[in-house]
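These notes concern the structure reproduced below.
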Amino acid sequence: MTERIVVVGAGHAGGMAAITLRELGFSGSLTLIGDEPHPPYERPSLSKGFLSEAEPEPVWLAPAERWSALNAVLKTASPAVAIDREKGEVRLADGSTEPFDALILATGGRVRRLPLPHHPAVHYLRTTDDARALAARARPGARALIVGGGVIGLEAASTLQGMGLSAVVIEAGERLLGRNIPAEAAQWLAEAHARIGVDVRLGRSLTGLDDTPDGGVTATLDGGETLNVDLVVVGIGIIPCVELAEASGLPIDGGVLTDDDYRSPGDPRVFAIGDVAARLKDGAARRMETWAHAQTSARKAARAILGLPSEPEPTPWFWTDQCGHNLQILGDPSAADAVVERGEGVRLYLRQGALVGAVCLDRPRDFAAARRLIGKTLKPEIASDPSVDLRKAA
């Protein structure tokens, strides 16, 4: 019997796993172990509203009284340092141990850092402390250099520009958002940034930082160009925190390898969820770094631990808010063999006539309809008319 469950990682995925286990009826010992001195919170606001608020508060996953009602032991600011699978226990930095019958790894990732010496003007965005440190330095009129044209970098650029700073974004790739957003949708956001004054420079990287006499920083780019800035924000991805799992002998493949139920093939008692999970599907291990995946992976693992049947999974999706616009991405647009243009701001991606993905800019109704139609065959001549309800195209 599973009487003791330990969750390592008190972020969104780990916190949701604990909540879900109680909601599904688990009444045994439940311990949540986290590095940060806070209960679980959601990260998406850190690069947006959290930065610009006078007295910011995280978007808490649950209020304090909910954690008390869950009867879960919440050990914050007390990181796990080792997993002993033979004994079935986790050792913490304070020397204590937590025994388990089932273990959930929700260790997430750490920011990928610049290959440069540390500089106090450089900021990363992963935790509330990171965001507060950046907000303290982000004064109107300051000059911000954003390294990385992905979601975090562009959200930060949009927010800082809106706070009265000037923002320059450098991206080493040939376009923005090259990892997870179709090129045309990325161009919509590039144009939105240009309209609010963000200076985007593609194919450029940062090679050096030097102090200036006025307290600023000279940033040197490849090719020798220099920029005088006051602060630097780096958003170049995360590195999954697999060290605990790897040291305990669990299989790793770009993350902690799991099966379809997020169970480790190396130990049936161990699960990995959220950003750190490398889920094996169709012969390939794949990680997903989204809010929605934190939710769904936590729920699926919880059901598997309790021996409950699996539920149908929602199609993967995520969103980003930038420059006053909301972009939503559904499914796998890269799998398409045809694209349907549905007016301005909506693209539908079909494979053999069936909907496999969608991107919607400020079109929540079309996005909601697309979520219901995923996998269904669409009539392109109807789907392309924005005046007709998309559901009629099925």
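Keep in mind that the numbers below use all heavy atoms, side chains included, and drop hydrogens, waters and symmetry copies.
Judged purely by atom type and a 3.5 angstrom limit, D84 has no side-chain atom pairing as donor or acceptor with the backbone of G88. Looking at E3, its side chain never comes within 3.5 Å of a backbone N or O of G28 through a donor-acceptor pair. The main-chain N or O of L70 is found under 3.5 Å from a side-chain atom of R22 such that the two form a donor-acceptor pair. Between the R287 side chain and the G255 main chain, no donor and acceptor come within less than 3.5 Å of each other. Here the side chain of R351 pairs no donor or acceptor atom with the backbone of V356 at under 3.5 angstrom. Remark: the backbone N or O of G216 is paired with a side-chain donor or acceptor of T212 at under 3.5 angstrom. A donor-acceptor pair is defined here as one N or O able to donate and one able to accept, closer than 3.5 Å; such a pair exists between the side chain of K48 and the backbone of P44. Remark: the backbone N or O of A172 is not paired with any side-chain donor or acceptor of R204 at under 3.5 angstrom.
Salt-bridge annotation for R4 and D101: present, with a side-chain N of the basic residue lying under 4.0 Å from a carboxylate O of the acidic one. Looking at R201 and E171, no side-chain N of the basic residue comes within less than 4.0 Å of a carboxylate O on the acidic one, giving no salt bridge. E313 and R279 are joined by a salt bridge, as a carboxylate oxygen and a charged side-chain nitrogen come within less than 4.0 angstrom of each other. D389 has a carboxylate O that lies under 4.0 Å from a charged side-chain N of R391, or vice versa, which qualifies the two as a salt bridge.
A donor and an acceptor atom, one from each side chain of K300 and S310, are located under 3.5 Å apart. S264 and D267 are not linked by any side-chain donor-acceptor pair at a separation below 3.5 angstrom, with hydrogens and angles left out of the test. Remark: the S384 side chain and the E341 side chain contain no N/O donor-acceptor pair separated by less than 3.5 Å. Under the 3.5 Å distance criterion, with hydrogens and angles disregarded, no donor-acceptor pair is assigned to the side chains of S158 and Q322. In the model, N326 has no side-chain atom that pairs as donor or acceptor with a side-chain atom of D362 under 3.5 Å. With no hydrogens or angles considered, a side-chain donor-acceptor pair links D211 and H119 at under 3.5 Å. A donor-acceptor pair shorter than 3.5 Å cannot be found between the side chains of D129 and T127.
The shortest distance between side-chain heavy atoms of P251 and D253 does not fall below 4.5 Å. The closest side-chain heavy-atom distance from T159 to F50 is not below 4.5 Å. Contact of the I252 side chain with the V256 side chain is registered, since non-hydrogen atoms from C-beta on lie closer than 4.5 Å. No side-chain heavy atom of L209 sits under 4.5 Å from any side-chain heavy atom of T218. Using a 4.5 Å cut-off on side-chain heavy atoms (C-beta onward), P182 and R347 make no contact. N71 is not listed as a side-chain neighbour of L30, based on a closest heavy-atom distance of 4.5 Å or more.
With a 6.0 Å radius and a threshold of 12 heavy atoms from other residues, nucleotides or ligands, E381 has its CD atom above the threshold. Under a cut-off of 6.0 angstrom, the local environment of CD in E311 is crowded, with over 12 non-hydrogen atoms contributed by other residues, nucleotides or ligands.
The heavy-atom pair separating N180 from F318 by the smallest distance is O-CZ, 3.7 Å. For the residue pair T258 and A277, the shortest heavy atom distance occurs at CG2-CB, 4.3 Å. The shortest non-hydrogen separation linking A80 to V8 is CB-CG1, 3.8 Å.
Of the listed residues (I19, L24, I273), just one forms a side-chain contact (heavy atoms from CB on, under 4.5 Å) with R299, and that residue is L24. Tested against D366 for a side chain to side chain donor-acceptor pair (under 3.5 Å), the candidates Q328, R371, R342 yield a single pass: R342. Evaluated for a salt bridge (charged side-chain N to carboxylate O under 4.0 Å, His left out) with E36, the options K75, R43, R126 yield exactly one hit, R43.
Under the rule for a ring-ring contact (aromatic ring centres under 6.0 Å, His included), the partners of Y262 that lie at least two apart in sequence or sit in another chain are H293.
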Item to check | Working for side chain to side chain donor-acceptor pair (under 3.5 Å), residues Q295 and H12 | outcome: CA-CA 8 Å; Q295 299 272 119; H12 184 173; 2.6 Å; yes
Item to check | CA sep, side-chain torsions, deciding dist, call: L327, W188, side-chain contact (heavy atoms from CB on, under 4.5 Å) | outcome: CA-CA 9 Å; L327 181 71; W188 296 340; 4.1 Å; yes
Next on the checklist: Before you tell me yes or no, could you show the steps for V111 and L125 under side-chain contact (heavy atoms from CB on, under 4.5 Å), namely the whole-Å CA-CA distance, both residues' side-chain angles and the distance that decides it to 0.1 Å?
Outcome noted: CA-CA 8 Å; V111 292; L125 267 176; over 6 Å; no
Checklist entry - Does the pair L114 and I236 meet the rule for a side-chain contact (heavy atoms from CB on, under 4.5 Å), with working shown? => result CA-CA 8 Å; L114 291 173; I236 54 175; 4.3 Å; yes
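Note on L348: it does not cluster hydrophobically with I329, by side-chain heavy-atom contacts below 4.5 Å among ILVMFWY residues.
Both the sub-6.0 Å distance and the 45° axial angle are satisfied by R113 relative to the ring of Y124.
Ring-plane geometry between H38 and W60 is classed as tilted, the angle between the planes lying from 30 to 60 degrees on a 0 to 90 degree scale.
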